[in-house]
Amino acid sequence: MGSEGPTAVTINITGFKKFHGVAENPTEKMANNLKEYLAKNTQSKDVVLGSCTVLETAGQGALASLYQLLQSAIHTKESESATCGKTIWVHFGVNSGATKFAIEQQAVNEATFRCPDELGWKPQHLPIVPSDGPISTIRKTTLPVEEITKGLEKKGFEVITSDDAGRFVCNYVYYHSLRFAEQNKTNSLFVHVPLFVAVDEETQMRFTASLLEVLTSVCK
């Protein structure tokens, strides 16, 4: 048993397109440029980057494509081998009022959108998954948030843990992803980032690369 070596960790990334009040979403740029950035700047051979996808900033109307994406990693996992290790989804969203990165510990079963999403949906006090129970129902990530946060702080980043991912599309996607993770034995994490005017693009790319290294390290 001891000769099997470390568990492989595959990390899949999503960002979001623009939405009301945010014409340039830093997470869209990050998701589009991450593979190239890692190829040029990452020394670690342990980081295995799976897919990088930019999601529509929408809830119900984009749900089918979200589940199709989540399911695609399961199919890839099944086709490789029965012992291919862990699959992690890291969803990035922007908090336009933030100056620090935030590792989100949980999502709430409530959709209360402050403005319509990009497909025109504006739910108020609706359960995201009615069969899960009331809007106060919480789902938590199984990943060690405190350990991840400390690892990033050691690398020099201003980062906090958060237990409030809002009630907009970020929380909506995170809730569905956490539910999917529980059902399919994968892992899910949501990270809020500031706008580029608060934390520049190069720093955000370094943060993202460092997060992947920390995740790979703590999940082996």
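Residue pairs meeting the salt bridge (Lys or Arg N to Asp or Glu O under 4.0 Å) criterion with at least one member in residues 140-159, sequence neighbours excluded: Lys155-Glu213.
Rounding to the nearest 0.5 Å gives a distance of 9.5 Å between CG of Leu189 and CD1 of Ile13. Separation of atoms CG (Leu63) and OH (Tyr172) is listed at 4.5 Å; rounding is to 0.5 Å. Atom CG of Leu66 sits about 7.5 Å away from atom NE2 of His176, to the nearest 0.5 Å. Summarising the geometry, atom CG belonging to Leu143 is positioned 5.5 Å from atom CD1 belonging to Ile88; distances are rounded to the nearest 0.5 Å. One finds the CG atom of Asn187 at 9.0 Å from the CG atom of Leu215 (value rounded to the nearest 0.5 Å).
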Could you pull out every donor-acceptor pair under 3.5 Å between side chains of residues 29-38 and any protein atom, sequence neighbours left out?
residue	atom	partner	partner atom	Å
Asn32	ND2	Glu28	O	3.2
Asn33	ND2	Lys29	O	3.3
Lys35	NZ	Gly50	O	3.2
Glu36	OE2	Lys40	NZ	3.1
Tyr37	OH	Glu202	OE2	3.3

Contacts table for residues 90-97: side-chain donor-acceptor under 3.5 angstrom, sequence neighbours left out:
residue	atom	partner	partner atom	Å
His91	ND1	Thr14	OG1	2.7
His91	NE2	Ser177	OG	2.7
Asn95	OD1	Gly97	N	3.1

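For the residue pair Val169 and Asp117, the shortest heavy atom distance occurs at CG2-CB, 4.0 Å. Nearest heavy atom pair, residue Val193 against residue Pro26, reads CG2-CG, 4.2 Å.
Asn184 and Thr186 share no side-chain donor-acceptor pair at under 3.5 Å.
Under the salt bridge (Lys or Arg N to Asp or Glu O under 4.0 Å) criterion, Glu182 pairs with Arg139, not counting sequence neighbours. For Glu110, the side-chain contact (heavy atoms from CB on, under 4.5 Å) partners two or more places apart in sequence, or in a different chain, are Val108, Thr112, His125, Ile135, Arg167. Annotation: side-chain contact (heavy atoms from CB on, under 4.5 Å) contacts of Gln105 (sequence neighbours excluded): Val145, Thr161, Asp163.
Within the 3.5 Å criterion, the main-chain N or O of Glu104 finds no donor-acceptor partner in the side chain of Ser162.
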Going through the distances and angles, do Cys170 and Phe190 end up as a side-chain contact (heavy atoms from CB on, under 4.5 Å)? CA-CA 8 Å; Cys170 292; Phe190 199 100; 3.3 Å; yes
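Ring-plane geometry between Phe207 and Phe101 is classed as parallel, the angle between the planes falling under 30 degrees on a 0 to 90 degree scale with a further cut at 60.
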